[in-house]
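Residue numbers begin at 1 in each chain, while the letters A, B, ... track the order of the sequences.
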Amino acid sequence: MSEKKKIYKPKPVSGFPEWLPEYRAVEQRWLDKIRAVFESYGYCSIETPAVEELEVIAAKGEDVDKEIYVLERLQADPDEKKDARLALHFDQTVPLARYVAQHFADLTFPFKRYQMQKVWRGERPQMGRMREFTQCDIDVINVDSLPLHFDAEVAAICYEALAAMDMGRVQLRVSNRKILLGLLENIGVKNPAEILRLIDKMDKIGLLEFKVQLEGTTEKEVKNAIIQFVELSNAVKENPSNASGLLRDFIARNDVIARSGSDAAIQMMNEGIEELDFVLKQLEHLGDGVVADLSIVRGLDYYTGTVYETQLLDVPEFVGSVCSGGRYDDLAGSYINKHLPGVGISIGFTRLFDVLRQAGKIEPGPKSPADVLVVLPSEERRDEAAQAARTLRERGMKVELYHAPQKVGKQISYAEKKGIPYVWFPPFEDGLAHEVKNMSTGEQTEASPNDWTI
RNA sequence: GCGACCGUAGCUCAGCUGGUAGAGCCCUCGGUUGUGAUCCGAGUUGUCGCGGGUUCGAGUCCCGUCGGUCGCCCCA
């Protein structure tokens, strides 16, 4: 009686992506390139644990709570309530804050670090949105004050990292929150969050729909000022090189601002304009890869100045940002009694990779890293084959030795399927020479493991 | 978390208004002796997501449930 084996049918867990070897190879190559660019600017690497105490993560507050995965044992002890609850981190900025506070005495400031790790968010997955994904973060943190220079530097680094991969045109869009926040405060907006969210959606919904949704949110005078700002924002988009001129002009002409404004608010706007101006000037060498875009707001409320988003111009079907960040006045205020301003930007690596993969923009790599497959002619000749493989490996090649003395055709077809470019034939009989076959041309020549090169 | 759609072999899917499962790909073997990608032949593979209901009979209809895709919220 043959009882049927119970099979648990494998299925993917939605939002937890995994790739086949040929795509994983590309992913690894890309990560190496990003790392190389980060390090070329002198940023160091750190890694923090996958989990933090829930208290630490929830310090960011509000509606990110619902995205946090908590960690617990299936069979928890009844008295385990006493222990701190653990949670998977949902970004790398909060762990960085904790890290900096914790190792404050041992770090050298400005602290420049990059971090490439998985993060987890309990969201409904869809195109470009996962529950587990890799982010490549780069941040600078300093004590008391942080030069504006870094706002430009981190953006330039990320742009360079993206350019190092073959992904078509990307555009980094920069704004400064002080401009919009100053304006809204200035004109006395009572529900800034709602307005900000709406402005952030401008690109997606268009000016017409924007005006419709703006109806009923606030009084007329304020509304007009906002619409004027959005029109200004569109004008800047059309003529990004004149961003600061357009902005200054806007303030000078706007009678709502002139009449009702508080000095502090106007000062904030001006500050924002100065800062944006400086950052854009520092990034001029990147051409139209970097533009001003006043409609960029960013949801996370700790950003206080410069903010960034990045679009893949050659994948129009995906409008989300693949690389975002900004400046925060005080990163670690909730963990240490120091003032630690910072600026950082994060490449949404998995999003970037998956969107490009689905758009057919990524050429898969070989299924094996090997350069050479050494054929095993027979058990009697295994030593000779293994020796040839060792010699080639010692000379720097990646070499796989076939595992069983099967028919030669089978061994070659294995190399073909795995994308191994060369097949090595040890002598099949005493006195014969080694041979090597180039799989793409089919050409086969005599060769010696001691001096053959690819 | 809310809404719409979907769930048949490892993969992509077919299965008409209910009558007890099929194709292509993949995989394995073969088309003699030491050479792949083509071609030809043969073969293996399914609790039709799960549970219940209607029916003489359900992959096919109904309910529930779980999973997936997309949209919204939000974001990398």
Side-chain angles (χ1 to χ4, degrees), chain A residues 3-17 20 60 62-68 89-93 116-137 158 162 193-194 196-197 200-201 204-205 296-301 303 308-312 317-326 344-356 358 373 375-378 381 402 405-429 432 435-444:
Chain A
E3 195 184 317
K4 227 181 183 168
K5 195 172 51 160
K6 262 255 160 66
I7 297 275
Y8 183 83
K9 200 174 175 179
K11 47 194 167 192
V13 181
S14 171
F16 290 78
L20 291 170
K60 201 160 174 178
E62 282 143 59
D63 49 23
V64 293
D65 294 14
K66 65 179 187 199
E67 295 186 7
I68 296 173
H89 58 227
F90 76 96
D91 72 0
Q92 290 173 134
T93 307
M116 312 200 311
Q117 289 183 237
K118 292 258 169 78
V119 305
W120 294 267
R121 292 185 193 176
E123 281 268 33
R124 288 313 295 261
Q126 49 191 258
M127 168 76 147
R129 194 169 76 186
M130 291 86 181
R131 300 198 281 201
E132 177 181 74
F133 57 99
T134 300
Q135 283 189 313
C136 306
D137 276 37
C158 279
L162 294 174
E194 195 182 342
L196 287 177
R197 201 174 313 125
D200 196 42
K201 281 204 291 190
K204 200 169 176 179
I205 63 181
I296 289 177
V297 177
R298 314 284 313 128
L300 299 172
D301 43 24
Y303 292 129
Y308 322 89
E309 285 194 359
T310 311
Q311 254 67 44
L312 293 171
E317 62 268 32
F318 182 76
V319 294
S321 171
V322 295
C323 175
S324 319
I345 186 163
S346 171
I347 298 175
F349 185 85
T350 308
R351 161 177 286 187
L352 178 75
F353 191 80
D354 191 38
V355 165
L356 288 164
Q358 286 193 48
L373 175 76
V375 164
L376 181 61
S378 61
R381 302 210 162 250
Y402 198 76
Q406 290 173 326
K407 294 172 78 169
V408 177
K410 199 171 160 65
Q411 300 195 42
I412 290 177
S413 105
Y414 172 82
E416 204 271 324
K417 276 189 286 187
K418 276 192 138 184
I420 302 173
Y422 294 94
V423 174
W424 192 275
F425 298 90
F428 277 64
E429 288 168 38
L432 293 181
E435 291 181 9
V436 63
K437 181 188 185 76
N438 179 326
M439 288 297 285
S440 53
T441 63
E443 193 186 357
Q444 187 167 329

Would you kindly compare A:Phe133 and A:Met439 by the position of their nearest RNA chain B nucleotide and give the one closer to the 5′ end?
-> A:Met439

B:rG36 phosphate, OP1 or OP2: any side-chain N/O from A:Lys418 under 4.0 angstrom?
-> no

Look at all strands and tell whether A:Met130 reaches a base, only sugar-phosphate, or nothing, counting heavy atoms closer than 4.0 Å.
-> base

Determine the interatomic distance between P on B:rA37 and the same-named atom on B:rU33; round to the nearest Å.
-> 14 Å

Considering just the side-chain nitrogens and oxygens of A:Lys407, establish if one lies under 4.0 Å of OP1 or OP2 belonging to B:rG36.
-> no

side-chain hydrogen bond (donor to acceptor under 3.5 Å, both in side chains) partners of residues 118-129 of chain A, not counting sequence neighbours, each pair once = A:Trp120-A:Glu132

Using whole Å, report how far CD of A:Glu123 lies from C1' of B:rC2.
-> 13 Å

For the side chain of A:Lys410, counting heavy atoms from C-beta on, which of B:rC74, B:rU28, B:rA76 is nearest?
-> B:rU28

Using a heavy-atom cut-off of under 4.0 Å over every strand shown, decide if A:Arg197 touches base, sugar-phosphate, or nothing.
-> sugar-phosphate

CD (A:Glu309) and CG (A:Asp200) are apart, to the nearest 0.5 Å, by 6.0 Å

Give a yes/no verdict on base stacking between B:rG36 and A:Tyr414: centres under 5.5 Å, planes within less than 30° of parallel.
-> no

Do the side-chain N or O atoms of A:Ser14 get closer than 4.0 angstrom to the phosphate oxygens (OP1, OP2) of B:rU69?
-> yes

Quick one: CD1 on A:Ile420 to CE on A:Met439, what's the gap to the nearest 0.5 Å?
-> 8.5 Å

Please tabulate, for the side chains in residues 346-353 of chain A, all donor-acceptor contacts under 3.5 angstrom to protein atoms that are two or more places apart in sequence or on a different chain.
residue  : atom : partner  : partner atom : Å
A:Ser346 : OG   : A:Gln135 : NE2          : 3.4
A:Ser346 : OG   : A:Asp137 : OD1          : 2.7
A:Thr350 : OG1  : A:Thr134 : N            : 2.6
A:Arg351 : NE   : A:Gly128 : O            : 2.7
A:Arg351 : NH1  : A:Ser321 : O            : 2.8
A:Arg351 : NH2  : A:Gly128 : O            : 3.2

Out of curiosity, A:Asn438 CG to A:Glu443 CD, how far, rounded to the nearest 0.5 Å?
-> 6.5 Å

Taking atom P in both B:rG43 and B:rG24, compute the distance separating them and give it to the nearest angstrom.
-> 12 Å

Between the base of B:rA76 and the side chain of A:Arg129, is there a donor-acceptor distance below 3.5 Å?
-> no

A:Lys418 versus A:Tyr414, side-chain donor and acceptor atoms under 3.5 Å | yes

Examine B:rU69: is either OP1 or OP2 under 4.0 Å from a nitrogen or oxygen in the side chain of A:Arg124? Give yes or no.
-> no

Nearest to side-chain heavy atoms of A:Phe428, which nucleotide of B:rC74, B:rC29, B:rG34 = B:rG34

Per atom distances to the A:Lys417 side chain, the nearest of B:rC27, B:rG36, B:rA76 is B:rC27

Per the 3.5 Å Watson-Crick/G-U criterion and a run length of at least three, the stems involving RNA chain B are B:1-7 with B:66-72, B:10-13 with B:22-25, B:27-31 with B:39-43, B:49-53 with B:61-65

Using atom P of each nucleotide, how far apart are B:rU47 and B:rG22 to the nearest Å?
-> 16 Å

For A:Asp91 and B:rC74, give me the distance from atom CG to atom C1', rounded to whole Å.
-> 14 Å

Could you tell me whether the side chain of A:Arg351 has a donor or acceptor atom within less than 3.5 Å of a complementary atom in the base of B:rC75?
-> yes

Using the C1' atom on both, measure B:rU28 against B:rU45 and round to a whole Å.
-> 12 Å

If we take the P atom in both B:rG34 and B:rA21, what is their distance in whole Å?
-> 46 Å

Between B:rC74, B:rC70, B:rU35, which one does the side chain of A:Gln126 approach most closely?
-> B:rC70

Test item: side-chain donor near acceptor, A:Gln406 and A:Gln411, under 3.5 Å | no

Interatomic distance at C1', B:rC11 relative to B:rC27, whole Å | 12 Å

Looking for any heavy atom pair under 4.0 Å, which part of the strands does A:Gly320 touch: base, sugar-phosphate only, or nothing?
-> nothing

Which of B:rA76, B:rG34, B:rC29 is nearest the side chain of A:Val408? It is B:rG34

How long is the span from the CH2 atom in A:Trp424 to the CD atom in A:Gln444, to the nearest 0.5 Å?
-> 11.0 Å

Gap in Å between the two P atoms, one belonging to B:rA42 and one to B:rA23, rounded = 12 Å

Compare the minimum distances between each of B:rC29, B:rG36, B:rG34 and the side chain of A:Glu435, then state the nucleotide with the smallest one.
-> B:rG34

Send over the distance from A:Arg121 CZ to B:rG1 C1', rounded to a whole Å.
-> 17 Å

Considering only the P atoms, how many Å lie between B:rC25 and B:rG57, rounded to the nearest integer?
-> 39 Å

